[in-house]
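The next block holds one structure in the form of structure tokens; read it before the comments.
In what follows, every chain begins at residue 1, and chains take the letters A, B, ... in the order their sequences are listed. Predicted model only: the values in this text are computed from it and were never measured.
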Amino acid sequence: MQFDLSMPAQLTSALGPDLLLMGGAMLLLLWSGWRRESDEHQRSVGILSMALCMFTMVAVGYYAYQGYTASNGVIAVDNFRWAADEIFLIATLGTIAMSLDYNTREGITPGESHVLLLLSTSGMMILAAARDLIIVFLGIELMSIAAYVLVGLNRRRERSAEGAIKYFLLGAFSTAFLLYGIALVYGATGATNFLAIKANIVSFKLEHSGLLLVGIALLLVGFGFKIAAAPFHMWAPDVYEGAPTPTTAYMAAAVKAASFAALFRLWLEAFPTLLSTWHEAVWWLAALTMIVGNLVALSQKNIKRLLAYSSIAHAGYILVALVVGTSLGSSAFMFYLFAYTMATLGAFAVVVALGRRGEDYMNVEEYAGLWSVRPGLAVAMTVFMLALLGFPIFGGIGFFAKWYILQAALQAPFPQTKLAVILVITSVISAGYYLYVVMVMFMKPRASSAVLPDRTGGWTHAVIWGSAAVILIFGLFPDALVSLTQRSTPAVSKEVALRSR
Amino acid sequence: MLLQTAVSAASQVHPLFGTIAEWVWLLPILPLAGFVINGLLSLAGAHFGPTDPNSADSHHADSGDEPVVSHGEGEGSGGDHAVKRHRFAGVVSVVGPGVLILSFLLAVGIWQAMASAQAAAPLVQRYFSWMPVGDLQIDAAFQLDQLSMVMILVITGVGALIHVFSVGYMRDDPSYPRYFSYLNLFVFFMLVLVLGANYPVLFVGWEGVGLCSYLLIGFWFNDKVNADAGKKAFIVNRVGDFGLLIAMFMLFANIGVLDFIGVSAKAGDLVAGSPLVTAICLFMFLGCTGKSAQIPLYIWLPDAMAGPTPVSALIHAATMVTAGVYLIARSAFLFSLSPVASLTVAVVGAVTAIFAATIGLKQWDIKKVLAYSTISQLGYMFIGVGVGAYVSGMFHLVTHAFFKALLFLGSGSVIQAMHTAYHETHSGEDAQDMRNMGGLKRYLPVTCVLMWIATLAISGIPPLSGFFSKDEILASVFARAQGSTLASANWLGVPGGTLLYIIYAIGLAAAFLTAIYMTRMMLYTFHGPVRTGTEEEKSLHEAPWIMTGPLVILGILTVFGGWLNLPELLTDIVPLGPRELLAHWLDPVVGESTARITAGAAHVPATTEQALIGAAVVIAVAGIVLAMALLKPDRLPRKRDAVPEHGFEGVVANKYYVDEAIDRVIVEPTYEVSRNFLWRFIDNGLIDGLLVNGSAALARGFGWLGSRLQTGNVGIYAWVLVLPALLAIPLIGAVILLLLPVREPAGGEGIETPAARHVALWLFVLEFVVSIGLWWSFNPSDNGWQAPIDTAWIPTWGVRFTLGVDGIALMMVLLTTFIMPLSVLGSWTSIRTKTRSYYALLLILTTGMLGVFLARDLFLFYVMWEVMLIPMYFIIGIWGGERRIYASIKFFIYTFLPSLLMLVAIIYLGLHVRTAIGTPDFSYDHLLAAGGMPARTALWLFAAFFLAFAVKVPIFPFHTWLPDAHVEAPTAGSVILAGIMLKMGTFGFMRFALPLFPGAAMNPTIRMIILILALIGIIYGALVAMVQPDFKKLVAYSSVSHLGFVMLGIFALTLQSVQGALMVMINHGISTGALFLLVGIIYERRHSRLIDSYGGIARVVPMFAAILTFVSLSSIGLPGTNGFVGEFLVLIGSFRTYPVLTIIATTGVIFAAVYLLWALQRILFNPLDKRENEHLPDLNKRELALLVPLIAAIIWLGVYPAPVLRRMEGSAQLLVDRVERAGSLTVSEAGR
């Protein structure tokens, strides 16, 4: 069935899953404010939030299964959107699950924290759907404002508050870039709709319009901040370190994924004809991000900062898929996003499991000899590290994700051999810090003063083993996932391949 | 081939067919049996006999620093011990000499059969095919002809006498059975040497006798001097063997055969006097100078006197040292073609004869005099065979065997008498120094008389044997000078005729000196006053009859030995007996060659001959008289009162300072350069410090700044599921292991349930059994994939799960399944924590390794390639040594970087061969078939593959991860790393890099670069290994050297070299694996891998010592062990395409002997001076159980590698053809 987006009722239907999540979140917000703050209450709101998430996932699945499409309009109805939505929801689900245990331990009692996550996620779903610059802006703000609050959730911790302020200021800063970029693009093309922008560029021959190019550049900078690509990444490590660990996981996985989804759609749908113009810039962004992220990560001692830099590095890898700019690139992107999300969630869940009240126990060295006391956690963490490293079998799906990007890079109309080599060499560098974590857990003797970590909460356990299982199983049989992602590409990207010939 | 058929047809009708001569194989087998029996008795006795280390040590601990065994001659038990014979001494006294006497009787029988049959053609007996590789067909075959018969009679006859003498001489030694086992083994190898029907079999004996010489010189190994001397003998001989190897390579490369009959038949194809023949002969002669102690390689023989005196008599006088003479006589068909080479032999012989004689003038040690005398007399023999008087050379060889054996055994009696005397009075005087003797004729009358006879014989007094043989040589020189192919040749600008006169003159001069120094020795020893000491004098007495008996027999032979070949001249005047018996006897073998040399020779008039004889006799008599007149034994001071000599006399007494010069010019600089430049500077400083750690620091610094079974092939092979099973068994096993209940105390320390190791062991045994099935079902004539399996894995990416095995993969799979159970046994007690995880990792590792060998899809290959990495990373990092973390990370990063680059290349390839619907295709077969890649692209892709494999191999300069990883890894880790994982790189070259990019790989520049890197690896690895203080690191560096041979073999790309490379891969896995296991075993006991922590432990742990020695010998490529087969094939094959590089590579053979023997000496031999080592327990049953299969494999692959070679041949041939065909364009453009 095809939605006619010019009819409000049909537009509403096309936004079904998004509205479901938003509406549910509102109800939960009401209910959580209804009762006194307490740990039990926090947990029940969390569990209901997870139920809502799953509901939404089913709804998204249903929409995808029905194969709905839509006429041109402000939002897109395609598999790219559904696939991205599912990834956000999985990340949200995981985040809420580990938050349940985390909040209990840290004494964070407001149940609204879970609802804020849901609201932020609904912003992401809007972003994934956005086919209009205004909607992009809406989505970003909806997602970000909830995220600012989440970062500062732990009011008692100074670092948390510092992180929240930093995040807010930089978020505002980047939004300014974004907004300015939107304005300039609109000024140049007279449209905010992606497809209209593309059409106008072609019909008015705007390929060399300075205004448009500056607009695109500003947009790239704005997104660069959101996805924490070098050199716009400076805020990330501080914010990641300051934020409550589940929130960090959420930011590293979902927030980044949503910004990427929007960036991909915008680039492939609105500016495909400008490939030669933006190609160079994205190329350098990718190369720089891979190099900087990986090199700086080497010297990190705090696990959260380490993972923050690792997530910067991964943004670089994903940008390689954007450089490729074909449907193959975007399916590689989707595959990578899934793999990365699973590994990141898992890794942060282990960090949550090993943490102690007041965000202690964050130094990698404190994991020394973990294997002898918590072998399960150590093995799981190894799987996540190897997945992030892109190692076959033991790192499961992580290897195939890298493989896919490499294949896309080499199969591109302009084969990106140099970028592939940079990717490979920086991956080797990343072995330096991923293996460092593994080495500490397995090979260093446990300090005699070290205390046993607390018992891991059931929900956290579920996240850890769930993501490990997904990583390993799809790591042996990735075929189903590959064919799914091959179908989850923005509709227009084929044209890019044709044009760039 | 035709030739061989003809020969075998001839042997069918050979007159010796059906006679006792058919039993020729029994000749060496008898002493071999003696070796086995005595050797086992020795090892068994070590455990229960009187040399039990504990009892000896308890005495030793309070009696001072003298080691018990090393008191020099004849007497073993030290201190106040009453003489305690070995508990098996009785049995040994029967078996040891018994087998030799039987052998001698058999030899006499065969000789009679030969004499009556009058066969002109040699009898060649083929037993089995030894090294069949393409057109190289080497059989294990014996050749019986007149020449070998002479040698057999000398060896078994004189050998039997010396064995009997030894019973009296050595009976009281605590290591008596060991002595006889070595002696029997020596005779075995010596007989193989003279019976071998081709050069390689001869070489087995050639190096084998060198080994026995090494073992026997260092028999009293707790004395450093003895151990040093043994090592020196072996290494100097190896320098010579290098020459012999090159000669073989040249023969094969130019005439394609190596058996004597074939070479002599085809020698005619070589141009007489051509540089090629001369080069072959000269290289061969280099071998002879080593074995027969000629200039420049004579330096080992005087030191060799450190061994027991009967050994000096048998090996270093009568038999082994004459092997060079035998070799030249045997190769007369080559030497007679090259006057230049022949003259060189004669010149070197002459110079050696006079040079050694001058040194003999000033020696005080009675055995040293005889040693230099032997060198000098060998020089005469070389003059003989050099001038083409092969019969005279052999004649002198025989008579010399009689009188020199007599002299040595006589000196043995003297020394024993002296030693007993000094022992009674607890005097520390030197029992071998003539200044301490004098007047012994009163106490040793029989010995004195017999030795005088021998002295007169060697001086050339008629009618004793030495007179006839020496005179015949000098006469031949004179005759040749008058006119022969030699006289008309030109040697370095000197006319041959002139040269021969000079040689003649030198020969006479040397004879004069011989008479002097021999008389001097007799005067100082037996005449004048007794200088031994008044107390000691009472204890001096004649040796028992078991010793003097053999002396008497040798005396008779010395007197009448000349009758073997009475000259025409004499028999014309006095009818003494049959004339020129030996010449007639040897005529079928050397007649033709002699005739070729003497062509155009004028007959020397009888008067001239008589004059020559007269001159020789006059000179000999003059020498004796002069010595008697000048030397005053009465005025000789005792040793302790002696003043050092000055001036020229001092220079002579110090042997012209040749040893010191060699030390200063060659040995020390090599050592210093290896240690300070190669190892400390390049390896640790440059590569590791600057490049490896530097880049890491740089990076850190920067950071601080900022399945569906759908195959069509099912059912073709009954074993279709065997390959998936091989991969699945370990994986399932790992899961089972991890599900085992843990019975471990909380906190992680303590011993887990032993079930894990049992489960792992049986799983690996099962795996091995399955792979044996693969071996049997393998069809050697099928070049394709066998037992293939092909299913889809990731269809959307075009990735398939395809497995298959060919000849190359088969061997690698078997090697893996063979090594793995042993490595479990090797970890049995050393891994005590987290055993479940440990064995589970070993199992997963196995799946990865087998997957690499079996994968037929590049994607699958890559996945398996990486799968190996993680378990090894954990094994090193968790169960490793102190610096395990550094080592494991280095190992990981080193391997990971290039393999990711290879991943890019693989993707590129897969996209290059896209299928019709656009999915990439990674199938190996499709990629091979596709081809058609731009040369530049192929070059880049090859570079990526090259890097990935080069690091694994490892090729210089990518090797520095290896020593660290090896040293830090637990034993099993090192075994697997060396045994299997290092082969991944070379396997990768053979499977992927070469066939996929033949154009790039065969590009002359690239090929040359890789070959030179391989060469650097061979030499560099050996040199750096030499200076390692840590034994494990030494073995690790030796791997760099061995793998260099593999690379050489692969890139030389001939059928022989590729098969050789495969053999080296297998052998290295077995031998180095065994070495690492042995290191692990000793480490478990002493917790030290430093070589300096040991010393002399062979006495404490004889079984360990025996096995370590054996494995080390296989590692340095001793013929008869697996190591030789591989290296020989690599080198002989490489010589065809890259002769110069191969010659350089062959020097690696020498270096290998240097570093391993030196390490062996410092661990097993030398004084036992560390108290911690005095109570080391010897091998237990488990350790034996794990080493015995390795030893069996070493022997099997060394003696009968044919089944392995045949199974690999098809695949190796396919590889060579494929690469050559595809790369031929590039190669032909640039030429080789």
Side-chain angles (χ1 to χ4, degrees), chain A residues 230-231 234 291-292 294-300 309 369 371-373 375 379 382 386 389-395 399-400 402-404 406-407 409-411 415 417 420-421 423-425 427-429 431-433 435-436 438-440 442-444 446 476-483 485-486, chain B residues 696 698-707 742 746-749 792-797 799 833-834 837 844 847-848 859 862-867 869-871 873-874 876-878 880 884-885 888-889 892-893 896-904 906-908 910-911 914 918 920 940 944:
Chain A
M234 302 298 192
I291 294 168
V292 170
N294 280 310
L295 281 180
V296 182
L298 278 179
S299 56
Q300 299 307 316
Y309 279 108
W371 187 43
S372 53
V373 286
V379 168
T382 305
L386 292 177
L389 174 57
F391 204 87
I393 307 295
F394 304 103
F399 166 67
F400 292 117
K402 276 222 172 96
W403 167 279
Y404 210 168
L406 281 172
Q407 188 187 331
L410 293 175
Q411 206 174 345
T417 318
V421 170
L423 191 156
V424 155
I425 290 175
S427 293
V428 175
I429 297 173
Y433 55 90
L435 285 184
Y436 167 64
V438 177
M439 178 271 283
V440 168
F442 282 85
M443 299 170 196
K444 287 221 168 163
R446 196 161 173 78
L476 279 178
F477 308 104
D479 203 51
L481 207 58
V482 176
S483 35
T485 54
Q486 277 185 349
Chain B
L698 201 70
R700 250 179 260 124
F702 186 90
W704 177 77
L705 283 168
S707 141
V742 194
E749 297 301 317
W793 182 19
I794 315 173
T796 38
W797 283 345
V799 176
T833 51
K834 299 275 184 189
S837 316
I844 296 170
T847 302
F859 190 104
Y862 179 79
V863 169
M864 290 301 187
W865 179 265
E866 296 286 39
V867 161
L869 205 49
I870 289 284
Y873 169 72
F874 280 114
I876 298 174
I878 298 177
R884 59 181 191 274
I885 293 176
S888 61
I889 292 203
F892 191 97
I893 303 273
F896 193 50
L897 170 68
S899 52
L900 274 178
L901 291 175
M902 179 171 75
L903 173 68
V904 175
I906 289 177
I907 298 176
Y908 201 102
L911 293 172
R914 236 172 285 186
W940 279 108

Can you name the closest pair of heavy atoms from [X] and [Y] and give their distance?
| X | Y | value |
| --- | --- | --- |
| Gln407(A) | Leu911(B) | O-CD1, 3.9 Å |
| Arg884(B) | Met443(A) | NH2-O, 2.6 Å |
| Ser427(A) | Phe896(B) | O-CE2, 4.1 Å |
| Ile893(B) | Gly432(A) | CD1-N, 4.1 Å |

Looking at [atom1] of [X] and [atom2] of [Y], how far apart are the two atoms once the value is rounded to the nearest 0.5 Å?
| X | Y | atom1 | atom2 | answer |
| --- | --- | --- | --- | --- |
| Met439(A) | Ile889(B) | CE | CD1 | 4.5 Å |
| Ile906(B) | Leu410(A) | CD1 | CG | 12.0 Å |
| Lys402(A) | Leu900(B) | NZ | CG | 7.5 Å |

Does a side-chain heavy-atom distance below 4.5 Å link Trp940(B) with Thr417(A)?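 They are not in contact (no side-chain heavy atoms under 4.5 Å apart), so the answer is no.
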Non-hydrogen side-chain atoms of Ile393(A) and Glu866(B) separated by less than 4.5 Å: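 SC-SC contact between Ile393(A) and Glu866(B) ruled out.
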Please flag which part of [X] lies under 4.5 Å from any non-hydrogen atom of chain A: side chain, backbone, both or neither.
| X | result |
| --- | --- |
| Ser888(B) | side chain |
| Leu901(B) | both |
| Tyr873(B) | both |

Looking at Tyr436(A), I'd like to know if its OH atom is crowded, meaning that more than 12 non-hydrogen atoms belonging to other residues, nucleotides or ligands lie closer than 6.0 Å.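 For Tyr436(A), atom OH is crowded (more than 12 foreign heavy atoms under 6.0 Å).
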Measure Leu386(A) against the heavy atoms of chain B and call it side chain, backbone, both or neither at under 4.5 Å.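 The side chain, not the backbone.
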Chain B heavy atoms under 4.5 Å from Phe442(A): which part of the residue, side chain, backbone, both or neither?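 Phe442(A) touches chain B through backbone and side-chain heavy atoms alike.
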Using the side-chain contact (heavy atoms from CB on, under 4.5 Å) rule, take Val438(A) and Phe892(B) through it: C-alpha gap first, then chi angles, then the decisive distance, then the call. CA-CA 12 Å; Val438(A) 177; Phe892(B) 191 97; over 6 Å; no
Using a cut-off of under 4.5 Å on heavy-atom pairs, state which of Leu869(B), Ile885(B), Ile844(B) scores highest against chain A.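 Option with the top pair count is Ile885(B).
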Are Phe394(A) and Phe874(B) an aromatic pair, judged by ring center distance below 6.0 Å?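 Not under 6.0 Å, so no.
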Strictly under 6.0 Å, is that where the ring centroids of Trp403(A) and Phe859(B) end up?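 Under 6.0 Å, so yes.
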Kindly assign one of parallel, tilted or perpendicular to the pair Trp793(B) and Phe400(A), based on the angle between their ring planes and the thresholds 30° and 60°.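 Perpendicular: the ring planes of Trp793(B) and Phe400(A) meet at over 60°.
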